Amino acid sequence: MSTKIMKASKSGIQIATAVLLSLCIATPSAFAQPSDRLADDQLNLASEVEAIDFHWAGNRVWAQMIQRGEHQFIIYYDASRQMSVAHRAHQRTPWRYHKLPSFLGWDSHNYATVDVDEEGYIHVMGNMHNDRLVYFRSTEPWEVRSLRQVDYLISRERDVNVTYPNFMHDRDGRLIAIYRLGGSGNGRYYYHRYDTESKTWALMHDGQFFDGEDERGAYYIGPELGPDGKFHMVWVWRETPSAATNNNLSYVRSPDLENWEDSNGNPVRLPLIRSTGEVVDPVPTFGGILNGQKKLGFDASNLPMISYYKNDGNGDTQIMLARKSGEGWSTHQISDWTDSKQLLDRGGSLSVSILVPEAPYVAEDGTIRVRAKRDGDEIEFVVDPETTRTVRVGSYQSVPDIIGTFQDNDQLVQFVKKAEGIPEDSAYDFYLSWEANPPAQDQARGQIPQPSTLRLHKIPR
């Protein structure tokens with residue numbers, strides 16, 4: 001049986017905002033009637049696994065699960081490529097399904113995402129790569145079958161060429177939608193805040209957040225709520241659709257998502273452009289940095305640190321760790337690999353052999369741990385926090401063993417994604433698993449495999 005597993009990293013902001021949502025969103029239990037809850041003998045308690053649906057397996061497109069109070073949502077593409085949402089009001093209530101009028105092609109960029117506002121209305125975006133906005137909103141709180149398509153957030157003329165949709169929440173639990181307008185060489189990012197009274201979206205920051213000046217685009221992670229109470233963001237610029245033109249690892253932070261500053265607290269004017277953003281590591285184009293392989297963590301002093309990779313002087317790809325140091329940043333090579341250079345001078349969704357799947361963190365013994373994957377092997381670098389030198393290299397396990405036993409087709413890759421948010425029962429974590437072909441630069445394949453089973457695993461912590 002194949003042991004190839006891919007795992008998606010989760011955003012720290014989604015965990016942090018789950019706590020806010022539990023306070024700001026209408027009480028979920030009011031919508032779950034006791035008579036709807038299944039008895040113990042009706043639950044799959046023996047294996048704690050549920051088959052949710054058949055899942056598209058032609059290429060990898062990430063599914064998502066979120067937890068908001070007692071409510072759980074799953075969004076995915078079914079065997080017919082159709083965008084699908086499953087919802088249950090409590091772990092012991094049946095799933096309710098709804099199929100949306102949006103169908104996937106071969107583009108692995110076209111994931112879908114779901115969230116809820118403070119009043120429990122459901123919002124969905126997805127299936128876009130430089131396409132007109134695809135957005136749905138429910139007409140009833142917590143009712144997945146009331147989802148209806150809405151043509152735009154700001155205007156029909158503006159919301160075209162949309163990519164990378166994302167939801168988050170501010171400190172007050174208000175829903176924020178982020179997406180890019182434009183392409184990889186000229187992308188512009190915008191933030192929008194939802195008003196539950198008027199049921200309308202308003203543009204934040206008086207305009208765009210990133211501005212590539214019609215010459216480049218930004219690829220970011222965050223904003224993530226850090227232990228210092230501020231929101232942190234990391235990004236790279238990219239000059240053309242070729243991934244090899246990623247450059248300049250950069251950073252910004254904010255106390256409120258409205259006002260932004262550099263790592264020293266100096267105000268930063270929006271929109272962010274390459275010449276005014278704070279550069280952590282001035283990696284040049286063709287320097288080996290990849291937009292999707294960077295993660296943000298925090299050291300024992302609550303200062304930001306970033307794991308990523310770039311090429312060394314010999315052209316080999318190396319894992320790096322950047323740390324805030326004094327008024328600037330210090331960068332440190334963590335790995336010492338040979339024959340590791342990644343082929344990045346390509347467009348579309350890439351399948352690469354080196355990944356940075358998780359944020360760096362401080363272990364109980366005080367060391368910094370930096371995690372990477374190479375050729376499917378999960379590698380953990382143990383780093384001295386004083387010298388930032390690697391003192392030991394070991395392994396780690398990102399996915400519980402039991403999930404791998406549910407792989408049905410060893411000709412495909414098993415993908416695993418952990419649920420976002422805090423579960424009602426904190427003694428368990430939830431994971432989705434399914435099987436699919438890896439990305440192939442968004443090109444059609446000659447054959448379509450049989451659909452795989454999308455499963456939900458309830459795993460004791």
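Note that this is a predicted model, so its numbers are computed, not measured.
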Notebook entry, point to check: Stepwise, does the side chain to side chain donor-acceptor pair (under 3.5 Å) test hold for Asn437 with Asn59?
Noted result: CA-CA 5 Å; Asn437 284 316; Asn59 60 306; over 6 Å; no

Notebook entry, point to check: Do Asn110 side-chain atoms and Leu104 backbone N/O form a donor-acceptor pair below 3.5 Å?
Noted result: no

Check: Looking at Thr240, Thr285, Asn291, which hits side chain to side chain donor-acceptor pair (under 3.5 Å) with Asn246?
Finding: Asn291

Check: Has Phe286 got more than 12 heavy atoms of other residues, nucleotides or ligands less than 6.0 Å from its CZ?
Finding: yes

Note to self: What I want to check is whether the side chains of Asn130 and His109 have a donor and an acceptor closer together than 3.5 Å.
What the structure shows: no

Item checked: Test of ring centre spacing under 6.0 Å for Trp329 and Tyr251 -> yes

Next item on the list: Check Ile221 against Lys294 and note the closest heavy-atom contact, atom names and distance.
Entry: CD1-O, 3.3 Å

Note to self: Below 30° counts as parallel, above 60° as perpendicular, anything between as tilted: where do the rings of Tyr189 and Tyr164 land?
What the structure shows: parallel

Item checked: Worked check of side chain to side chain donor-acceptor pair (under 3.5 Å) between Asn264 and Lys324 -> CA-CA 10 Å; Asn264 298 313; Lys324 178 62 179 170; 2.8 Å; yes

Notebook entry, point to check: Between Leu272 and Val268, does a side chain to side chain contact (heavy atoms under 4.5 Å, CB included) hold up when you go through it step by step?
Noted result: CA-CA 8 Å; Leu272 293 168; Val268 174; 3.3 Å; yes

Next item on the list: Report the C-alpha distance between Arg68 and Asp115 in whole Å, list the side-chain angles of each, state the deciding distance to 0.1 Å, and finish with yes or no for salt bridge (charged side-chain N to carboxylate O under 4.0 Å, His left out).
Entry: CA-CA 9 Å; Arg68 300 294 182 250; Asp115 216 321; 3.1 Å; yes

Notebook entry, point to check: Would the His192 and Tyr179 ring centres measure less than 6.0 Å apart?
Noted result: yes

Item checked: Side chain to side chain, Leu432 and Leu456, heavy atoms closer than 4.5 Å -> yes

Notebook entry, point to check: Does the Gln342 side chain pair with the main chain of Ile354, one donor and one acceptor, at a distance under 3.5 Å?
Noted result: yes

Next item on the list: Search all heavy atoms of Phe231 against all heavy atoms of Asp256 and return the closest pair with its distance.
Entry: CD1-N, 4.4 Å

Next item on the list: Given salt bridge (charged side-chain N to carboxylate O under 4.0 Å, His left out), test Glu261 with Lys230 step by step and report yes or no.
Entry: CA-CA 10 Å; Glu261 59 190 29; Lys230 295 184 177 182; 2.9 Å; yes

Note to self: Can you confirm whether Tyr308 sits close enough to Asp281 that some side-chain heavy atom of one is under 4.5 Å from a side-chain heavy atom of the other?
What the structure shows: yes

Notebook entry, point to check: Has the side chain of Asp442 got a donor or acceptor atom that lies under 3.5 Å from a matching backbone atom of Ser108?
Noted result: yes

Checklist line | OH (Tyr152) with more than 12 external heavy atoms under 6.0 Å | finding: no

Note to self: What verdict does the side chain to side chain contact (heavy atoms under 4.5 Å, CB included) test give for Phe54 and Trp434, after you've listed the backbone C-alpha separation in whole Å, the side-chain angles of each residue and the deciding distance to 0.1 Å?
What the structure shows: CA-CA 9 Å; Phe54 287 115; Trp434 70 98; over 6 Å; no

Margin query: Go through it in stages, so that I can follow the logic: the residues are Tyr220 and Asn166, the test is side chain to side chain contact (heavy atoms under 4.5 Å, CB included), and I'd like the CA-CA distance, side-chain angles, deciding distance and then a yes or no.
Written below: CA-CA 11 Å; Tyr220 72 97; Asn166 184 35; 4.1 Å; yes

Next item on the list: Check Ala89 against His71 and note the closest heavy-atom contact, atom names and distance.
Entry: CA-ND1, 3.6 Å

Note to self: Whether the side chain of Gln318 engages the backbone of Ile334 through a donor-acceptor N/O pair (distance < 3.5 Å, no angle test) should be reported.
What the structure shows: no

Notebook entry, point to check: Are Asn247 and Arg238 close enough, and set up right, to give a side chain to side chain contact (heavy atoms under 4.5 Å, CB included), and what steps lead you there?
Noted result: CA-CA 6 Å; Asn247 62 90; Arg238 183 157 145 185; 5.6 Å; no

Next item on the list: Please check if the side chain of Ser146 supplies one atom and the backbone of Glu140 the other of a donor-acceptor pair under 3.5 Å.
Entry: yes

Item checked: Heavy-atom donor-acceptor pair, Arg253 side chain to Ser263 backbone, under 3.5 Å -> yes

Next item on the list: Output yes when a side-chain donor or acceptor of Thr453 lies under 3.5 Å from a complementary backbone atom of Arg455, and no otherwise.
Entry: no

Item checked: Check against side chain to side chain donor-acceptor pair (under 3.5 Å), Thr276 and Arg269 -> CA-CA 8 Å; Thr276 61; Arg269 180 180 298 179; over 6 Å; no

Checklist line | Distance under 6.0 Å and angle within 45° of ring axis: Arg81 vs Trp106 | finding: yes

Next item on the list: Give the ring-plane orientation class for Phe73 versus Trp142, where under 30° counts as parallel, over 60° as perpendicular and anything between as tilted.
Entry: parallel

Check: Between Trp95 and Tyr97, how do the two ring planes meet: parallel, tilted or perpendicular, split at 30° and 60°?
Finding: tilted

Next item on the list: Go through Ser398 and Glu378 one step at a time and tell me if the side chain to side chain donor-acceptor pair (under 3.5 Å) criterion holds.
Entry: CA-CA 8 Å; Ser398 61; Glu378 296 183 316; 2.3 Å; yes

Notebook entry, point to check: Any side-chain heavy atom of Glu358 sitting closer than 4.5 Å to one from Lys295?
Noted result: no

Next item on the list: Please step through salt bridge (charged side-chain N to carboxylate O under 4.0 Å, His left out) for the pair Glu50 and Lys458, ending with a clear verdict.
Entry: CA-CA 9 Å; Glu50 298 178 69; Lys458 183 179 179 181; over 6 Å; no

Note to self: Using modelled atom types and a 3.5 Å cut-off, is there a donor and acceptor pairing between side-chain atoms of Gln414 and backbone atoms of Ile403?
What the structure shows: yes

Item checked: N/O donor-acceptor pair under 3.5 Å between Gln293 side chain and Val356 backbone -> yes

Check: With a 4.5 Å limit on heavy-atom distance, are the side chains of Tyr111 and Ile75 in contact?
Finding: no

Notebook entry, point to check: Cation-pi between Lys199 and Tyr121: NZ/CZ under 6.0 Å from ring centre and within 45° of the ring axis?
Noted result: yes

Check: Any sub-3.5 Å donor-acceptor pair from Ser80's side-chain atoms to Asp78's backbone N or O?
Finding: no

Check: Should the ring pair Phe209 and Tyr191 be called parallel, tilted or perpendicular, given that the plane angle runs from 0 to 90° and is split at 30 and 60?
Finding: tilted

Check: With side chains defined as the heavy atoms from C-beta onward, is the minimum distance between Arg174 and Glu118 less than 4.5 Å?
Finding: yes

Margin query: Does the structure place the NZ or CZ of Arg137 under 6.0 Å from the centre of the six-membered ring of Tyr194, at an angle of no more than 45° from the ring's axis?
Written below: no

